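Please read these numbers as outputs of a predicted model, since none were measured by experiment.
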Amino acid sequence: YIANKRDFYDAMVPNGYCMPKYKTTMITEEYMRDILGGKTFCPHYKDVKLLPCPRPPPVELLLRKFYRICESRNLLNNCGVDELRVPDKRWLLDFVSTFKPDDEIFRKDYRPPAKANKLSEMKTVDVNKSFFENLVPTKRKVRRRGLQIAQQGLAKQIREFFTVMTPHEF
């Protein structure tokens with residue numbers, strides 16, 4: 001007896017459907033009904049081929065690979081994924097490894113694309129030098145986050161970001 005979405009999900013997995021994690025936006029009652037009705041494609045566990053990918057690429061790149069695979073297999077209209085309903089990274093990796101095992105992400109020498117430098121994306125606040133004069137030194141031992149000060153160079157900010165602020169002696 002299926003009373004809710006959780007029961008439906010718990011019935012799909014033992015029946016051999018390789019489902020994304022329950023918490024993903026892709027898991028809806030409509031999606032699961034469409035799988036059972038044959039309107040939406042979902043791989044079975046017996047067909048899934050797991051390959052190692054110790055450093056997986058970001059979800060956006062995996063989604064592009066997923067769409068290319070679906071397009072080549074005429075599954076775009078019934079893949080169950082759109083802007084609002086996205087599977088988890090592990091499921092996307094399993095999907096790609098099943099249908100394109102020779103993909104570059106499964107090679108031994110694969111490295112994911114470099115992430116953007118978050119320090120250069122931080123907000124910058126322009127303040128007078130007198131703003132910091134005669135302030136009581138902080139006693140917090142937290143790493144510096146958030147706003148950049150315009151007079152400080154990026155190298156100094158990077159050093160401060162990676163070192164813990166120490167309390168000043170009085």
Kindly compute the distance separating [atom1] ([X]) from [atom2] ([Y]), expressed to the nearest 0.5 Å.
X	Y	atom1	atom2	value
Phe41	Asp34	CZ	CG	14.5 Å
Asp7	Met32	CG	CE	9.5 Å
Cys18	Met12	SG	CE	11.0 Å
Leu75	Cys42	CG	SG	11.5 Å
Glu104	Asp102	CD	CG	10.5 Å
Asp103	Arg68	CG	CZ	8.5 Å

Is there a path of hydrophobic side-chain contacts, each under 4.5 Å between heavy atoms, that joins [X] and [Y]?
X	Y	result
Leu50	Tyr45	no
Tyr17	Phe66	yes
Leu62	Leu51	yes

Item to check | Stepwise side chain to side chain contact (heavy atoms under 4.5 Å, CB included) check, Lys65 with Ile105 | outcome: CA-CA 10 Å; Lys65 291 178 181 294; Ile105 64 173; 3.8 Å; yes

Checklist entry - Does NZ or CZ of Lys5 come closer than 6.0 Å to the centre of the six-membered ring of Tyr22, within 45° of the ring's axis? => result yes

Checklist entry - Any side-chain heavy-atom pair from Pro112 and Pro56 closer than 4.5 angstrom? => result no

Which atom pair, heavy atoms only, marks the closest approach of [X] to [Y]?
X	Y	result
Thr98	Asp94	OG1-O, 2.7 Å
Met19	Ile27	CE-CD1, 3.8 Å
Asp10	Pro14	O-CD, 2.7 Å
Ile69	Phe95	CG2-CE2, 3.7 Å
Pro20	Tyr31	CD-OH, 4.3 Å
Pro57	Leu61	CB-CD2, 3.3 Å

Next on the checklist: If you apply the rule side chain to side chain contact (heavy atoms under 4.5 Å, CB included), what do you find for Thr24 with Trp91, and how did you get there?
Outcome noted: CA-CA 10 Å; Thr24 61; Trp91 189 85; over 6 Å; no

Checklist entry - Charged N to carboxylate O under 4.0 angstrom, Lys89 versus Glu60? => result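 No, this pair does not count.
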
Checklist entry - Using 4.0 Å as the upper bound for N to carboxylate O, is an ion pair formed by Asp88 and Arg90? => result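 Answer for the salt bridge query: no.
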
Next on the checklist: Less than 6.0 angstrom separating the ring centers of Tyr110 and Phe106, yes or no?
Outcome noted: no

Checklist entry - Do side-chain atoms of Ser97 reach the backbone of Leu93 as a donor and acceptor pair under 3.5 angstrom? => result yes

Checklist entry - Under 3.5 Å, is there a donor-acceptor pair between the side chain of Thr25 and the main chain of Val86? => result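 Side chain of Thr25 to backbone of Val86, a donor-acceptor pair under 3.5 Å: yes, one is there.
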
Checklist entry - side chain to side chain contact (heavy atoms under 4.5 Å, CB included) between Arg55 and Arg111: does it pass, once the steps are laid out? => result CA-CA 7 Å; Arg55 301 185 80 193; Arg111 294 286 175 250; 3.3 Å; yes

